[in-house]
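Indexing begins at 1, ligand by ligand and atom by atom, following the structure's order. Values below: all heavy atoms of this structure, side chains included; hydrogens, waters and symmetry mates excluded.
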Amino acid sequence: MKFLYLGVLAFFFFFFLKTQEKDYENAIRYYTEALELNPSNAIYFSNRSLAYLRTECYGYALADATHALEIDKNYIKGYYRRATSNMALGKFKAALKDYETVVRVRPNDKDAKMKYQECNKIVKQKAFERAIASDELKRSVVDSLDIENMTIEDEYTGPKLEEGKVTLKFMKELMDWFKDEKKLHRKCAYQMLVEVKELLSKLPSLIEIMVKETDKITICGDTHGQYYDLLNIFELNGLPSLTNPYLFNGDFVDRGSFSVEVILTLFGFKLLYPDHFHLLRGNHETDNMNQMYGFEGEVKAKYTAQMFQLFSEVFQWLPLTLCINSKVLVMHGGLFSEDGVTLDDLKKIDRNRQPPDSGPMCDLLWSDPQPQNGRSISKRGVSCQFGPDVTQRFLEQNKLQYIIRSHEVKAEGYEITHSGKCITVFSAPNYCDQMGNKAAYIHLRGSDLKPEFHQFTAVPHPNVKPMVYANSLLQLGMM
Ligand SMILES: *[C@@H]1O[C@H](CO)[C@@H](O)[C@H](O)[C@H]1NC(C)=O
Ligand SMILES: *[C@@H]1O[C@H](CO)[C@@H](O)[C@H](O)[C@H]1NC(C)=O
Ligand SMILES: [Mn+2]
């Protein structure tokens with residue numbers, strides 16, 4: 001009887017309260033308990049897999065879908081779920097195989113056929129891209145642009161660069177223009193992208209900065225295309241300036257449908273205050289993620305495919321980690337799959353690429369902390385989870401006090417773990433319009449380097465829902 005009760009409870013959390021993160025977590029908990037009592041129920045595995053997908057635990061989602069299929073290899077939903085997990089992980093070939101199975105078993109299922117075709121298209125496109133890449137050294141989009149010759153039509157009344165340069169006046173006009181849901185002229189967008197690529201490519205992979213005794217810096221976590229919440233940060237904490245420096249810790253784009261506005265605003269401030277406005281790469285500043293989670297679709301909708309290519313080139317030059325006063329290390333994801341990584345190793349990372357499947361560059365963008373000592377397999381299916389002992393050893397070896405990372409939504413907008421040695425900050429409130437979480441930013445003062453947390457909640461945005469530009473395979477892939 002008990003497992004029936006738990007199953008019903010899980011079902012209840014899942015389908016009637018599914019607007020908040022904690023409800024997915026409750027659903028996962030009850031399905032987990034139900035599975036302890038009845039470990040051969042494919043439906044429980046499959047439904048928990050969906051809850052894991054929603055909470056971005058793609059590794060666990062994949063494992064559960066695989067389990068469901070081991071129990072019942074004729075369970076069609078299991079193939080769908082496994083395909084969706086693989087898509088989310090950017091493993092398109094593996095996903096294609098499962099869609100193939102579904103189409104074979106259900107030849108009249110239109111939805112399955114559509115997904116199969118869509119996935120097939122991506123696999124072919126990837127193969128094509130690989131073929132060109134190995135043919136010749138990949139040429140930059142910049143070489144095929146003729147920005148000088150792009151004309152700004154008389155009808156355009158929006159912000160323009162001043163002699164090709166970003167100014168404070170331009171930035172203020174740009175933020176208001178974007179707020180009114182208007183588009184920056186493509187010529188200006190291209191100019192900014194070319195300039196910021198040039199600027200970022202001169203930076204090392206590990207940035208070192210000094211915050212003076214009397215100064216402070218503001219550190220923000222994921223913003224994920226939530227432009228109106230970004231404006232709210234500037235409202236609450238002041239515009240970036242030489243005396244109000246910022247660090248944005250990756251995942252600027254994807255999910256939220258104002259990613260173009262977020263990234264162009266951040267790039268604008270980077271150009272305006274190169275030494276007082278810092279940007280680090282997140283796991284979403286990558287081609288695979290952008291293809292699935294909306295940024296590529298959004299840039300194509302608002303501008304062109306070619307401009308997305310240029311964004312991709314710029315993202316590859318974003319630095320990976322930043323060290324404050326030789327004491328606090330900041331990165332998007334976290335620490336490493338192996339002990340012994342030094343700051344010197346990080347400096348030497350050749351970052352101008354899509355992140356590899358393993359190694360320090362992958363870990364910096366993807367790993368998560370865990371409460372127990374040691375390391376375990378990542379819930380996401382990429383990199384690892386690292387315990388307090390791993391953090392302690394890393395800090396000791398590199399003579400650091402603590403790390404700040406982002407990458408995970410937290411109910412309070414931040415979380416202190418590993419006895420204060422590992423801090424998470426997340427700056428997208430009510431993430432995806434449905435997580436109900438607060439967001440936060442951190443003040444760090446040069447005098448004591450103690451993190452001071454400031455929480456904030458979501459502000460209204462125009463009626464464009466998150467994920468509208470995302471790949472249809474992810475939008476519909478949740479059956
Ligand atoms: C599993 O999810 C499906 C919807 O995909 C739902 O109809 C079913 O009732 C769920 N089963 C359990 C036991 O929660
Ligand atoms: C603009 O385009 C014309 C025709 O394609 C070309 O002859 C000219 O050199 C271009 N001007 C610049 C500044 O690139
Ligand atoms: Mn992330």
* Asked: So Asp433 and Lys465, salt bridge (charged side-chain N to carboxylate O under 4.0 Å, His left out) or not? Walk me through it.
  -> CA-CA 8 Å; Asp433 280 1; Lys465 302 217 159 20; over 6 Å; no
* Structure fact -> salt bridge (charged side-chain N to carboxylate O under 4.0 Å, His left out) pairs touching residues 275-296, sequence neighbours excluded, are Glu296-Lys300
* May I ask you to check whether Phe269 and Phe234 place their ring centres under 6.0 Å from each other? => yes
* Asked: How far apart are the C-alpha atoms of Phe426 and Tyr414, what are their side-chain angles, what is the distance that settles it, and do they pass the ring pair (Phe, Tyr, Trp, His ring centres under 6.0 Å) test?
  -> CA-CA 6 Å; Phe426 192 84; Tyr414 70 93; over 10 Å; no
* Show which atoms of ligand 1 fall inside a sub-4.0 Å distance from at least one heavy-atom site of Asn47. => 1 (C), 2 (O), 3 (C), 8 (C), 10 (C), 11 (N), 12 (C), 14 (O)
* To do: Using a strict cut-off of 4.0 Å, indicate which atoms of ligand 1 neighbour a heavy atom of Tyr31.
  => 12 (C), 14 (O)
* Under the ring-ring contact (aromatic ring centres under 6.0 Å, His included) test, residues paired with Phe456 that sit two or more places apart -> Tyr441
* Using ring-ring contact (aromatic ring centres under 6.0 Å, His included) as the criterion, list what pairs up with Tyr60, not counting sequence neighbours. => Tyr52
* Asked: Do the charged groups of Arg375 and Asp339 touch, with an N to O distance under 4.0 Å?
  -> yes
* Between Lys216 and Glu452, is there a side-chain N and carboxylate O pair less than 4.0 Å apart? -> no
* Asked: What protein N/O/S atoms lie closer than 2.8 Å to the Mn ion (ligand 3)?
  -> Asp251 OD2, Asn283 OD1, His332 NE2, His407 ND1
* Structure fact -> Going by the 4.0 angstrom heavy-atom rule, the piece of Leu50 near ligand 1 is neither
* Asked: ligand 1 and Tyr44, any nitrogen or oxygen pair closer than 3.5 angstrom?
  -> no
